[in-house]
Amino acid sequence: MVKRTTYCGLVNETYLNQEVDLAGWVQKRRSLGNLVFVDLRDREGIVQLVFSQEINAEALALAETLRNEYVISVHGKVVARDERAINERMKTGKIEVEVTDITVLNESKTPPFDITDNVTASEDTKLKYRYLDLRRPEMMTGLRTRAQIVKSVHHYLDDHGFIEIETPDLTKSTPEGARDYLVPSRVYPGSFYALPQSPQLFKELLMASGFDRYYQIARCFRDEDLRGDRQPEFTQIDLETSFLSAEEIQDLTEGVIAQVMHDEKGIGVQLPFPRLTWNDAMARFGSDKPDLRFGMELQDLSEFFKDSAFKVFKSAIENGGQVKAIVAPQAATKYSRKQIEGLQDYIKRFGAKGLAWLKVENGEVAGPISKFVKEQQAELLAQLDAHDGDLLLFVADTQKVVADSLGYLRNYFGKELDLIPDNQFAFTWVVDWPLFEYDEGDQRWVAAHHPFTMPNEEDIHLLDTDPHSAHAQSYDIVLNGYEIGGGSIRIHTREIQEKMLKALDFSKEKAQEQFGFLLDAQDYGFPPLGGLAIGLDRFAMLLAGRDNIRDVIAFPKNSKATEPMTEAPSRVATAQLDELGLNVEDESEK
RNA sequence: GGUUCCAUGGUCUAGUUGGUUAUGACGCCUGCCUGUCACGCAGGAGAUCACCGGUUCGAGUCCGGUUGGGACCGCCA
């Protein structure tokens, strides 16, 4: 095999009049008879090859037989294109390669879709032929963005005294949190390992061992339903430290992110990032992961409407709820009554019973509820800072329903009204989370973050009296409306840990059975500790400008958690099951 | 677990009130073409209308079910 001179996409004027050897895939053949052009593609880009009688008749003949995605190598001379033949849209458009020798390294069937960035094939088809999909430049770019992030993280954390340590993938199932992926044990039939949801407990134990600063690019597994930003296996930039405060860990994280933004995007981010309390995030943006690239904040009108003649509003407030509104700027004429009612149907899934709205026209409010606010309309418009042409949207309900509904509508209108600037990266911390949240489905209190999260210092006493009102030393890092990471200061004393588990209704026995190794470790000089994990996939997705983490994962699952290419998961041989002591029900069905 | 949408040549797609040979583009094949880069021109091939059943004289179209896929809610310490 001839040694390549360079990548196709990197051939430029410095190679003028030199002989080069190139290899790659045929992007396109354009035959004009005795003159043939071939676009040759590799990971760095495309270069135009020329074949003609004058250059080499034998190569020309072979060029006529080329088809898309054939793999070839060529030898030829880099020449300048004629003035009128220059292609300004191509990086290599000023030159071309006159081919004197060509080898077909492999032929290709006609691919099921074109290897271009404006591909039209369905997600299903693309995943089935993932190796072809990944030939597309934008897919290569996404994975290279991801690689660059990892490289920067290694560089930064290595420089800051972090030690990279691997933790097990075959570990113990834990009852809290997401559903585990289970791995049957052959040696102990009926017993199972679990794949880690995160390396949480192991990294805490590494602090107990005195490593002081740990990190890992860690694969995590959660058997829950998928979304555009959720895959069953995903990767965290996982780190843990001893003897640092929440603020110090946040500063450190900002350093990591600033390094990545500098290396990958050439952007100097403004530090420190804003810090929002969880309460403020929910109150102002209706979300625990607010998109700060635009305004349109939720405004509380409970006081304004507490004596309203509009019973829906008045009674919501009397029942301990609230009335809030958002102002969609210049949206009044863009949305018909029917469209707004469509939005109302949508927010019903968050529990909202209705969506009240007003349009502002000539300084007056108009719309179905206008008669209730006509008298105070000037006051209302002033309070909301609303102007002619704006659309006002109101939801009256419990705090949670109001936040979910208006938070959704805020994001919806942000996109629809084009209020979100491109190429902006708005980081923020969301801090001071509740320690617990109530699980309506299971009718019990669960840890909002995880059961090892330290309460705020001033709330520790609440563990004895009113644990569920306590707030936590936990923090999420949010980018453009996505949670890209989160962490906390952990509990490091057995006393507080046991109170925490008790508040979660763990019996002493159950706690010992599930987390005994951690509780025991806390008896042997467990240092104060805390850490954080950044979701690599989401971070890479956002930096690559994509809207699905599949685009920055080489071989992802589809939305049904299967992989169309390998057809995993699949049934296995009975002999394999027998060896594991497993019986599958209804094996004949399906 | 729930809601909702979708399935027509290789790909994307049109298909009316149920009515003769199922539309178009791209791609593919053959021929012509020496400056193309969305090459052009002429011709051609390519369809189990996802699957099963029903209604009907007649189903791509209507009804029921199944399968596969997309989005969303729940779920995701």
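The sequence lines fix the lettering, A, B, ..., with proteins before strands; numbering per chain opens at 1. Note that the coordinates shown come from a computational prediction; the quantities given were computed from them, not determined experimentally.
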*Asks:* Mind checking the P distance from B:C32 to B:U8? Whole angstroms is fine.
*Replies:*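 Their P atoms lie roughly 37 Å apart.
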*Asks:* Please list, for nucleotides 66-71 of chain B, all pairs of protein and nucleotide N/O atoms separated by less than 3.5 Å.
*Replies:*
residue: B:G69; atom: OP1; partner: A:Asn558; partner atom: ND2; Å: 3.3
residue: B:G70; atom: OP1; partner: A:Ser559; partner atom: N; Å: 3.1
residue: B:G70; atom: OP1; partner: A:Ser559; partner atom: OG; Å: 3.4
residue: B:G70; atom: OP2; partner: A:Ser559; partner atom: OG; Å: 2.2
residue: B:G70; atom: O5'; partner: A:Ser559; partner atom: OG; Å: 3.3

*Asks:* Once the angle between the rings of A:His450 and A:Phe452 is folded into 0 to 90°, is it parallel (under 30°), tilted (30 to 60°) or perpendicular (over 60°)?
*Replies:*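 Aromatic pair A:His450/A:Phe452 classed tilted.
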*Asks:* Taking any strand in view, what nucleotide pairs with B:G43 in a Watson-Crick or G-U wobble way, both distances under 3.5 Å?
*Replies:*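 Per the H-bond distance test, B:C29.
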*Asks:* Rounded to the nearest angstrom, tell me the gap between atom CD in A:Glu107 and atom P in B:C29.
*Replies:*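 So the CD-P distance, A:Glu107 to B:C29, works out to 12 Å.
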*Asks:* Anything under 30° is parallel, anything over 60° is perpendicular, the rest tilted; go ahead and classify A:Trp445 against A:Tyr438.
*Replies:*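 Perpendicular: the ring planes of A:Trp445 and A:Tyr438 meet at over 60°.
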*Asks:* Name the pairing partner of B:G1, where a pair is Watson-Crick or G-U wobble with both distances under 3.5 Å, or state none.
*Replies:*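 Pairing partner, where one exists within any strand: B:C73.
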*Asks:* Counting heavy atoms from C-beta on, name the nucleotide in B:U34, B:G10, B:G35 closest to the side chain of A:Asn34.
*Replies:*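 Of B:U34, B:G10, B:G35, B:U34 is nearest to the side chain of A:Asn34.
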*Asks:* Roughly, in whole Å, what's the span from CG in A:Leu60 to P in B:U34?
*Replies:*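 My rounded result for the distance is 10 Å.
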*Asks:* Tell me the interatomic distance from A:Glu54, atom CD, to B:G35, atom C1', rounded to whole angstroms.
*Replies:*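 About 12 Å, once rounded to whole Å.
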*Asks:* Rounded to the nearest Å, what distance is computed from the CD atom of residue A:Glu176 to the C1' atom of nucleotide B:C76?
*Replies:*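 Interatomic distance, CD of A:Glu176 to C1' of B:C76: 14 Å.
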*Asks:* Report all interatomic pairs (protein N or O, nucleotide N or O of nucleotides 3-6 of chain B) with separations under 3.5 Å.
*Replies:*
none

*Asks:* For B:C28 and A:Lys109 - does any side-chain N or O of the residue sit under 4.0 Å from the phosphate oxygens OP1/OP2?
*Replies:*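 Indeed not, no polar side-chain atom of A:Lys109 lies that close.
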*Asks:* What does B:U61 pair with, Watson-Crick or G-U, if both distances are under 3.5 Å?
*Replies:*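 Pairing partner, where one exists within any strand: none, as none qualifies.
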*Asks:* With a 4.0 Å heavy-atom cut-off, tell me which residues in residues 489-500 of chain A come close to RNA chain B, sorted by residue number.
*Replies:*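 Here the set is empty: none.
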*Asks:* Of all the choices, B:G1, B:C76, B:G35, which nucleotide is nearest to the side chain of A:Arg222 once you look at every atom?
*Replies:*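 Nucleotide nearest to A:Arg222's side chain: B:C76.
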*Asks:* Now, which nucleotide makes the Watson-Crick or G-U wobble pair with B:U17, with each of the two distances under 3.5 Å?
*Replies:*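 Partner of B:U17: none.
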